[in-house]
Number of protein chains: 2
Amino acid sequence: MATHGNSKTADRILDIAERLVQTQGYNGFSYADIAAELKTTKASLHYHFATKAALGTRLISRYGENFRRALEAVDGEEPNALRRLRRYADLYAQVLRKDRMCLCGMLASDFFTLPKPMREAVRGFFDKNEAWLVRTLEEGRRARTLQFAGPAEEVARTLVASFEGAMLIARSYGDASRFESVASRLVAQLDGK
Amino acid sequence: MATHGNSKTADRILDIAERLVQTQGYNGFSYADIAAELKTTKASLHYHFATKAALGTRLISRYGENFRRALEAVDGEEPNALRRLRRYADLYAQVLRKDRMCLCGMLASDFFTLPKPMREAVRGFFDKNEAWLVRTLEEGRRARTLQFAGPAEEVARTLVASFEGAMLIARSYGDASRFESVASRLVAQLDGK
DNA sequence: GTCTATAGGTGGATAGAC
DNA sequence: GTCTATCCACCTATAGAC
C-alpha cells in the first residue's frame, strides 16, 4: 500500500498534524514541525504518510468521523432539538477554547492550494454538517421547540457559515466569548418559545 | 527608508499580491509569483517592499482604506439604514464574485503565522467594520427602519462573523449564491418591517 | 529602478543502511 | 520502522553592476 497510516505512531502524527493545521493552516506547517515535536525524523513520517496530501486527506476523514460520532452522541442524549443545537454550538466552542480553528474551516481558507482529494473531503464535511442541521431543524419545527421561516437548508447553511466565521474572528482576538455570544444569539432566534 | 512602496509599480505589485493573498493566503504566495506575473524579478520587488511583512502590512492598510471609502460612499448615497446594510453585504458579495475571500478574513485564518504588525492591522479592520455596523444599526433602530433585541455591538459582531464565514464556505463551493442567501436572510431578520 | 547572481535556509520527498 | 544522507525545488533576502 502507498501509506501505512494505521498504527499508534500514525495516530500521534495525526494528532500533532491536526493541531498544526488548525492553528497554522495547511501551508503553515511542515513535516519538520511534526518530526521535531515527535522527536523523530522527517523520513520516518514519510513511512507512515507517503505524502503531505495523503496525511491531509486522512486528517479530514478522521476529523469528520470524530465529528459524526459527537453528533450521534448528541442525538442519543438530547431529545430536545433546541438543546441539540446548543450542544452543536458547544462542539465548536470546545475547539475554539483550545485556540484552534475548525479543521475544515481552516482548510476552506487554504482551499485553492489544496490537492483535489482534500478539496472534496472539505466540502463533504460541510455537507454532513448541513445535513445534520437540516434534520435537527425540521424535527424541532415539527415538535415546536424550534421556529423559523423558509427552508431548513437555508437556516442550516446560515448556522454553519456563522459558526465558522465567528470562530475565525474570535481566534484573532483570543476571546472565545466572542464566539459564544454570536452562537447564543443565533440559536436563541430559533427558539420555539 | 526601508521601503519605497509609493509608486505606480508599487501599486501594481500590491494589486497582484492582494489577489494572491485573497485566493491563496499569506503563506500560499511568494515574491516569485508576483515577479512572474509582473514580468520582473524578485530583487526588483524587494526594492519596492523590503520584506514580505512590509508588503503584507501595506496590503491591509490599503484594503482597509478602500473599504472605508466604500462605506463612506454608502453613507452618502443611502439614507435608509436597512438599505445601507444591504449595500454592506453587497460589498462582500462583489469580492466573492471575483472568487476571492475578504483579505482580512483570509489573514485571520493565517493569523498565528503573521508578524505582529499584521495581526494588529487585521484586528483593526474588523474593529472598523464593527464600528460602522454599530452606527448603522443604532441609527436604523432609532428611525425604525431596523429592529433587533440587545446591544447593537452583538448584532454587529454576528454580522461580521456570519458574512466572513459565508464567504469562506461559498468559495469552497464556487457558488456565490450561497453567500447571498445567507446574507439576505440575516439582513431580512433586522428589517423594521 | 531593475537586473544577475547568490546566499542561507526550508520545503516535500527518496535511497538505502540498520 | 527508524535512521542518515541527500536531492532538488523553492523560499526570503541581499550585494553590487548597470
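The chains referred to below are lettered A, B, ... by the order of the sequence lines, with proteins before strands, and numbering in each begins at 1. Predicted, not measured: the structure shown is a model, and the values here were computed from it.
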Practice task
Examine distances only and state if a side-chain atom of B:R171 and a backbone atom of A:A108 form a donor-acceptor pair shorter than 3.5 Å.
Solution key: yes
Problem - Euclidean distance, atom CG of residue B:L38 to atom C1' of C:dC3 [Å, nearest integer] - result: 15 Å
Exercise for the section: Return no unless some side-chain N or O of B:T40 is found under 4.0 Å from OP1 or OP2 of C:dG1. Expected result: no
Exercise for the section: For D:dC3, take OP1 and OP2 only and decide whether either is under 4.0 Å from a side-chain N or O of A:T41. Expected result: yes
Practice task
Write out all pairs satisfying ring pair (Phe, Tyr, Trp, His ring centres under 6.0 Å) with one or both partners inside residues 13-39 of chain B, taking only residues at least two apart or from two chains.
Solution key: B:Y31-B:H46
Problem - Rounded distance (Å) that lies between atom C1' of C:dT2 and atom NE2 of B:H4 - result: 13 Å
Practice task
Kindly state each residue pair satisfying ring pair (Phe, Tyr, Trp, His ring centres under 6.0 Å) with at least one member in residues 115-151 of chain A, sequence neighbours excluded.
Solution key: A:Y63-A:F125, A:F67-A:F125, A:Y88-A:W132
Completion exercise
The side chain to side chain contact (heavy atoms under 4.5 Å, CB included) partners of A:R62 (sequence neighbours excluded) come to A:L14, A:D15, A:E18, A:N66
Practice task
Specify the separation, in whole Å, of atom NZ of B:K8 and atom P of C:dG1.
Solution key: 11 Å
Practice task
Determine: side-chain N/O of B:T9 to OP1/OP2 of C:dG1, distance under 4.0 Å, yes or no.
Solution key: no
Handout entry: For atom CG of A:L20 and atom P of C:dG11, their distance in whole Å
Key = 12 Å
Exercise for the section: Could you tell me the separation between the CD1 atom of B:I13 and the C1' atom of C:dT2, rounded to a whole number of Å? Expected result: 11 Å
Practice task
Figure out the CG/P separation between B:L45 and C:dC3, and round it to whole Å.
Solution key: 9 Å
Practice task
Specify the separation, in whole Å, of atom CD1 of A:I34 and atom P of D:dT2.
Solution key: 14 Å
Completion exercise
The side chain to side chain contact (heavy atoms under 4.5 Å, CB included) partners of B:T23 (sequence neighbours excluded) come to B:R100
Atom pairs, N/O to N/O, protein against nucleotides 12-16 of chain D, distance under 3.5 Å?
residue : atom : partner : partner atom : Å
D:dT12  : OP1  : B:K52   : NZ           : 3.0
D:dT12  : OP2  : B:Y31   : N            : 3.2
D:dT12  : O4   : B:K42   : NZ           : 3.3
D:dA13  : OP2  : B:K52   : N            : 2.7
D:dA13  : N7   : B:H46   : NE2          : 3.3

Problem - side-chain hydrogen bond (donor to acceptor under 3.5 Å, both in side chains) partners for A:R157, two or more places apart - result: A:E130
